[in-house]
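Both counts, for ligands and for their atoms, begin at 1 and track the order of listing.
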Amino acid sequence: MEKEPVILAIESSCDDTSAAVLVGKKVLSNCIAGQKIHEKYGGVVPELASRAHQENIVPVVNEAIKESGFSPADLDAIAFTRGPGLMGSLIVGTNFAKGLALGLNIPLVEVNHMKAHILAHLIDDGTPTPTFPFMCLTVSGGHTQIVLVKSPHEYELIGETIDDAAGEAFDKGAKTLGLPYPGGPLIDKLAKTGDITAFPFPHPAVQGLNYSFSGLKTSLLYRVKKMKADELETALPDICASYQHSIVQFLLSKLKKAAIKHRISNIAIAGGVSANSYLREKITEMGEKEGWQTFIPDFQFCTDNAAMIGIAGYYNFLKGDFCTADVSPNPRMKINVV
Ligand code: KG4
Ligand code: ZN
């Protein structure tokens with residue numbers, strides 16, 4: 001059997017600097033430096049994000065290599081996130097990857113961040129992996145997509161948001177409630193003791209398999225505006241539970257339609273919002289009811305991480321899909337439509 005490649009992967013598309021080392025589909029290290037700096041601004045400030053990436057990238061890459069037990073000379077390729085994401089953040093990762101690949105004289109492999117979120121399901125960590133084709137709901141801070149995944153290289157976009165992403169609905173909703181950024185995990189936590197029926201929100205009406213979250217966000221804003229500060233504090237768990245319920249119900253209603261329409265019974269979720277405990281619970285329930293097999297990523301592979309870039313890089317490596325040193329970031333990189 002041929003030796004599996006040792007790949008160093010680098011992720012820097014938004015506000016997490018991450019590096020990982022994989023041997024084939026196995027993850028040996030996956031190090032992440034988060035950026036606290038954005039908390040007080042209620043969202044990611046792009047210029048601050050790129051500066052923090054510059055500070056973090058060398059220590060994070062060193063840590064990932066050290067933890068893997070390999071040395072730079074053992075690396076067979078470097079995979080990096082080319083897009084989509086913030087231009088300044090992508091430039092840091094891309095240039096670092098280029099420089100290191102050139103210095104080590106090894107191939108450079110570009111990775112699409114949205115495909116990587118999906119391919120995280122194929123990491124060999126002992127958990128069941130979906131077989132192709134499968135339907136994936138990718139829910140992150142910047143995207144909400146239903147994707148029919150036909151192979152590691154063939155993706156069909158079935159539906160997507162026409163305005164805010166699901167993660168934004170969580171984060172902007174949390175901001176309205178006076179909670180710090182990123183609000184998704186906080187809403188998730190507060191909702192655990194709340195009543196999902198306490199504050200009914202309107203079910204968004206959007207054509208086909210697309211999403212829209214702006215109405216839900218505005219509806220939350222109007223409700224909160226009518227409340228006094230102490231009233232809001234008491235009602236916080238109920239509001240969070242009801243708001244989260246509406247987002248999750250909406251996400252799953254379209255995913256179910258997509259699966260039925262395309263006769264797919266392997267269903268996955270991916271991206272930062274797939275860490276949401278209510279979404280994880282409800283998709284499992286849906287799978288049991290419909291007789292579908294559902295795939296939920298391990299927590300460490302939900303939010304941005306370089307291990308997912310490594311697995312996507314691995315498939316590109318196998319295909320011989322290398323890029324030249326003049327490659328530049330693509331902040332609006334699309335998922336392949338085949
Ligand atoms: O995939 P990700 O790390 O970054 C992007 O590619 O955008 O996703 C980040 C998003 C944020 O909006 C964050 O609030 C959301 O994922 N998120 C959650 C949870 N954990 C992270 N949303 C709801 N519940 C969670 N437990
Ligand atoms: Zn992401």
Side-chain angles (χ1 to χ4, degrees), residues 9-18 20 30 32-35 38-39 42-44 46 49 53 80-86 89-90 93 111-121 136-145 147 160-161 164-177 179-192 194 211 213 216-217 240-241 243-252 268-283 296-312 331-333 335:
I10 294 168
E11 154 62 28
S12 74
S13 66
C14 190
D15 61 341
D16 291 312
T17 321
S18 180
N30 185 28
I32 303 169
Q35 301 181 359
H38 308 289
E39 252 176 38
V44 177
H53 283 304
F80 69 99
T81 308
R82 186 178 171 205
L86 300 170
S89 295
L90 291 167
V111 167
N112 179 311
H113 183 91
M114 299 314 293
K115 288 185 193 173
H117 269 302
I118 297 172
L119 293 177
H121 280 287
C136 188
L137 169 70
T138 317
V139 269
S140 73
H143 293 81
T144 298
Q145 301 179 329
V147 183
E160 65 182 332
T161 182
D164 286 345
E168 272 176 299
F170 273 103
D171 297 337
K172 291 180 180 171
K175 196 171 179 181
T176 300
L177 297 171
L179 302 170
Y181 175 85
L186 291 167
I187 291 187
D188 188 350
K189 196 170 160 207
L190 284 159
K192 286 192 196 300
Y211 292 106
F213 291 97
L216 208 53
K217 184 183 71 184
C240 287
Y243 186 64
Q244 175 178 269
H245 174 71
S246 297
I247 295 173
V248 168
Q249 236 197 351
F250 185 38
L251 285 173
L252 293 182
I269 50 172
V273 180
S274 67
N276 183 268
S277 59
Y278 191 68
L279 174 60
R280 294 166 85 92
E281 182 190 320
K282 290 290 154 190
I283 194 172
I296 300 171
D298 194 275
F299 279 111
Q300 59 171 327
F301 303 133
C302 291
T303 44
D304 290 349
N305 66 89
M308 69 184 201
I309 305 304
I311 186 80
R332 298 190 175 277
M333 203 171 185
I335 198 149

Contacts of Ala306 that satisfy side-chain contact (heavy atoms from CB on, under 4.5 Å) - sequence neighbours left out: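 For Ala306, the residues satisfying side-chain contact (heavy atoms from CB on, under 4.5 Å) (neighbours in sequence not counted) are Ala9, Glu11, Ser18, Ala20, Asn30.
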Among all protein heavy atoms, pick out the one at the shortest distance from [atom]; state its residue, atom name and that distance to 0.1 Å.
atom: atom 7 (O) of ligand 1; answer: Gly141 N, 2.7 Å
atom: atom 3 (O) of ligand 1; answer: Asp304 N, 2.9 Å
atom: atom 24 (N) of ligand 1; answer: Asn276 ND2, 3.0 Å
atom: atom 22 (N) of ligand 1; answer: Gly184 CA, 3.4 Å
atom: atom 17 (N) of ligand 1; answer: Gly272 O, 3.5 Å

Taking the non-hydrogen atoms of [X], is any one of them nearer than 4.0 angstrom to ligand 1?
X: Pro185; answer: yes
X: His117; answer: yes
X: His113; answer: yes

Proximity of Asp171 to ligand 1 by residue part, where a heavy atom lies under 4.0 Å: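 Answer for Asp171: side chain.
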Asp188 contact mode with ligand 1 (heavy-atom cut-off under 4.0 Å):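 For Asp188, the contact with ligand 1 is made by the side chain alone.
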Would you please say whether a donor-acceptor pair under 3.5 Å links the side chains of Ser13 and His113?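 Note: Ser13 and His113 side chains meet the donor-acceptor criterion.
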Main-chain N/O of [Y] paired with [X] side-chain donor or acceptor, under 3.5 Å:
X: Tyr181; Y: Val44; answer: no
X: Tyr243; Y: Ala174; answer: no
X: Ser89; Y: Cys14; answer: yes
X: Arg280; Y: Pro297; answer: yes
X: His117; Y: Asp304; answer: no

What is the distance from atom CE of Met114 to atom OG1 of Thr138, rounded to the nearest 0.5 Å?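 It is 5.0 Å, given to the nearest 0.5 Å.
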If you take all heavy atoms of Glu168 and Gly141, which pair is closest and at what distance?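 Closest pair (atom of Glu168, atom of Gly141, distance): CG-O, 3.4 Å.
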Shortest non-hydrogen contact from Ile311 toward Leu119: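 Answer, listing the atom of Ile311 first, then Leu119: CG2-O, 3.4 Å.
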What protein N/O/S atoms sit under 2.8 Å from the Zn ion (ligand 2), by chain and number?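 Within the sphere that stays under 2.8 Å of the Zn ion (ligand 2), the protein atoms of type N, O or S are His113 NE2, His117 NE2, Asp304 OD1.
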Contact (N/O only, under 3.5 Å) between [X] and ligand 1:
X: Gly183; value: no
X: Phe170; value: no
X: Gly167; value: yes

List every atom of ligand 1 that sits less than 4.0 Å from any heavy atom of [X], numbering the atoms from 1 in the order shown and giving each element.
X: Gly142; result: 7 (O)
X: Ala275; result: 20 (N), 26 (N)
X: Thr303; result: 3 (O), 21 (C)

Decide if atom NZ of Lys189 counts as having more than 12 heavy atoms of other residues, nucleotides or ligands within a radius under 6.0 Å.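 Incorrect, the count does not exceed 12.
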Flag the pair Asp15 / Leu86 as yes when at least one side-chain heavy-atom distance between them is below 4.5 Å, and no otherwise.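 Side chain of Asp15 against side chain of Leu86, heavy atoms only: no contact under 4.5 Å found.
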May I ask you to decide if the ring planes of Tyr211 and Phe213 are parallel, tilted or perpendicular, using 30° and 60° as cut-offs?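 Geometry flag for Phe213 against Tyr211: parallel rings.
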Run the salt bridge (Lys or Arg N to Asp or Glu O under 4.0 Å) check on Asp171 and Lys175 step by step: do they pass? CA-CA 6 Å; Asp171 297 337; Lys175 196 171 179 181; over 6 Å; no
